[in-house]
Amino acid sequence: MSTPKVVVIGSCMTDLVSYTPRLPALGETIHGHRFSVGFGGKGANQCIAATRLGATTAMVAMVGDDSFGQNYLQNFHDNGVNISHVGVTSEAATGVAPIAVDDAGDNCIIIIAGANLKMTAANIEKAEKMVKESTVVVCQGEITSEATLAALVMARKHNVTTLMNAAPADANLDPAIIENSVIFCVNESEAEVLTKIQVKRVEDAQLAAKILLTRGCRSVVITLGGDGAVYSTLDEHIYVPADKVTPVDTTGAGDAFVGALAYFLAYHPQLTMEEMMQRSCKIASVSVQAAGTQSSYPTRDKLPSHLFV
Ligand SMILES: Nc1ncnc2c1ncn2[C@@H]1O[C@H](COP(=O)(O)OP(=O)(O)OP(=O)(O)O)[C@@H](O)[C@H]1O
Ligand SMILES: *[C@@H]1O[C@H](CO)[C@@H](O)[C@H](O)[C@H]1NC(C)=O
Ligand SMILES: *[C@@H]1O[C@H](CO)[C@@H](O)[C@H](O)[C@H]1NC(C)=O
């Protein structure tokens with residue numbers, strides 16, 4: 001197998017979705033209409049998104065010694081992701097997210113991160129050779145911060161670009177994680193939790209980005225949903241609007257964006273950041289026009305060829 005250029009160090013979760021007429025009350029048992037199982041977890045989503053665009057990728061992750069874990073390994077295999085550093089632990093179950101969605105589209109979600117929280121710095125050390133030979137390392141906030149920080153520090157030691165997506169929002173994020181990120185990427189609500197700036201407009205996002213830059217990352221990306229995204233460094237501020245589209249399902253749009261950005265950083269380093277951001281927004285906006293999370297991520301052959309030159 002060829003050397004992975006994009007290495008994602010993060011989470012795998014299995015979504016267990018129950019569609020019900022309404023959400024059950026305390027102590028109540030109700031019948032739902034339908035059940036579906038989906039592959040999720042921000043790390044895995046971003047890895048699959050980059051792979052669909054043609055990146056050679058590897059996942060560094062942990063699943064439980066159970067059927068959800070085995071199915072997840074099969075999902076990575078089917079998508080062509082290198083899983084030589086996906087561990088199987090008997091200490092916890094594979095991460096799951098039981099979700100109830102009612103007819104009005106409201107939902108209740110329980111996340112049990114399980115095996116994802118068994119990842120340690122020692123697991124990351126084992127992947128050092130692969131990290132060293134890669135071009136981009138992508139991290140998120142769904143595994144232990146010890147493992148995430150170890151990954152960022154290791155990538156930095158080897159001059160590998162780091163793309164840190166600080167999701168979900170965490171007011172107590174380890175400052176060393178920001179310091180060790182080349183690109184620090186958040187959405188509006190995560191930016192607000194970290195900076196206390198309410199991000200509603202592009203100007204707010206640029207102000208929040210300035211604050212994050214003072215904490216030591218080299219650059220900041222803030223995604224703004226249907227409004228696009230901003231990119232800031234100490235000497236440039238770029239705003240990229242998103243295409244006007246009619247969204248079908250925006251779940252996982254942020255992960256589609258991060259996966260695409262990782263792909264462009266690794267495979268089209270000659271592009272300006274503005275061009276990479278435009279293309280990543282374009283790909284994320286394609287993903288919101290299809291249902292599901294990983295199932296909505298486009299493959300390269302379904303996208304305009306000018307995105308890949
Ligand atoms: N309604 C939309 N129309 C067009 N593009 C969209 C829309 N929503 C999201 N996008 C694209 O996806 C990118 C990421 O979206 P967003 O900022 O909502 O991320 P997120 O909040 O992390 O997403 P999620 O939590 O739903 O995965 C945006 O920068 C944009 O390019
Ligand atoms: C990383 O880059 C710096 C500056 O370009 C260089 O001095 C250093 O030797 C590089 N380190 C590695 C491990 O390649
Ligand atoms: C930002 O992402 C979080 C998940 O980390 C999500 O819960 C939240 O709804 C998103 N915020 C916006 C404004 O999209």
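The chain is numbered in sequence order, starting from 1. Read the numbers this way: they start at 1 and go in the same order the structure lists the ligands and their atoms.
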### Message
For a quick check under 3.5 Å, do Gln46 and Asn165 share a side-chain donor-acceptor pair by atom type?
### Response
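Yes, a side-chain donor-acceptor pair sits under 3.5 Å.
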
### Task
Look only at the side chain of Thr223 and the backbone of Gly225, and say whether a donor-acceptor pair between them is shorter than 3.5 Å.
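No, because the side chain of Thr223 does not come within donor-acceptor range (under 3.5 Å) of the backbone of Gly225.
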
### Query
Is it true that a side-chain atom of Glu190 and a backbone atom of Asn187 form a donor plus acceptor pair closer than 3.5 Å?
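Looks like yes, one N/O pair under 3.5 Å.
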
### Distance from atom 5 (O) of ligand 3 to nearest protein heavy atom, with residue and atom
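Atom 5 (O) of ligand 3 sits closest to the protein heavy atom Glu190 OE2, 2.5 Å.
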
### Query
Quick one: nearest non-hydrogen protein atom to atom 1 (C) of ligand 3, plus distance?
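Of every protein heavy atom, Asn187 ND2, 1.4 Å lies nearest to atom 1 (C) of ligand 3.
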
### Query
Looking at residues at least two apart in the chain, or sitting in another chain, which of them share a side-chain contact (heavy atoms from CB on, under 4.5 Å) with Ala150?
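Partners of Ala150 by the side-chain contact (heavy atoms from CB on, under 4.5 Å) criterion, ordered by chain and then number, come out as Ala121, Ile124.
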
### Task
Taking only Lys NZ, Arg NE, NH1 and NH2, and the carboxylate oxygens of Asp or Glu, determine whether Lys200 and Glu188 approach each other closer than 4.0 Å.
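No, no charged N to carboxylate O under 4.0 Å.
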
### Query
Are Glu128 and Lys132 close enough for a salt bridge, meaning some N to O gap below 4.0 Å?
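Salt bridge absent between Glu128 and Lys132.
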
### Task
Quick one: pull up NE2 in His237 and CD in Gln206 and give me the separation to the nearest 0.5 Å.
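Atom-to-atom, His237:NE2 and Gln206:CD are 6.5 Å apart.
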
### Query
Does any pair with a residue in residues 174-185 pass side chain to side chain donor-acceptor pair (under 3.5 Å), and if so which ones, sequence neighbours excluded?
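Qualifying pairs: Arg156-Asn180.
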
### Query
side chain to side chain donor-acceptor pair (under 3.5 Å): which pairs involve residues 16-43, sequence neighbours left out?
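Non-adjacent pairs meeting side chain to side chain donor-acceptor pair (under 3.5 Å): Arg22-Glu28, His33-Asp103.
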
I'd like the atom pairs linking ligand 1 to the protein - N or O on both sides, separation under 3.5 Å - with distances to 0.1 Å.
from     : atom 1 : to     : atom 2 : distance (Å)
ligand 1 : 17 (O) : Thr223 : OG1    : 2.8
ligand 1 : 17 (O) : Gly225 : N      : 2.8
ligand 1 : 21 (O) : Asn187 : ND2    : 2.8
ligand 1 : 23 (O) : Gly254 : N      : 3.2
ligand 1 : 26 (O) : Thr250 : O      : 3.0
ligand 1 : 27 (O) : Gly252 : N      : 3.1
ligand 1 : 27 (O) : Ala253 : N      : 3.2
ligand 1 : 27 (O) : Gly254 : N      : 3.2
ligand 1 : 29 (O) : Gly228 : O      : 2.9

Which ligand 3 atoms are under 4.0 Å away from a heavy-atom of [X]?
X	value
Glu188	13 (C)
Ser189	1 (C), 8 (C), 10 (C), 11 (N), 12 (C), 13 (C)
Ala167	5 (O)

### Contact partition for Glu192 relative to ligand 3, non-hydrogen atoms under 4.0 Å
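For Glu192, no heavy atom sits under 4.0 Å from ligand 3.
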
### Query
What do you think, any protein heavy atom under 4.0 angstrom from atom 7 (O) of ligand 3?
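Within 4.0 Å of atom 7 (O) of ligand 3, no protein heavy atoms are found.
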
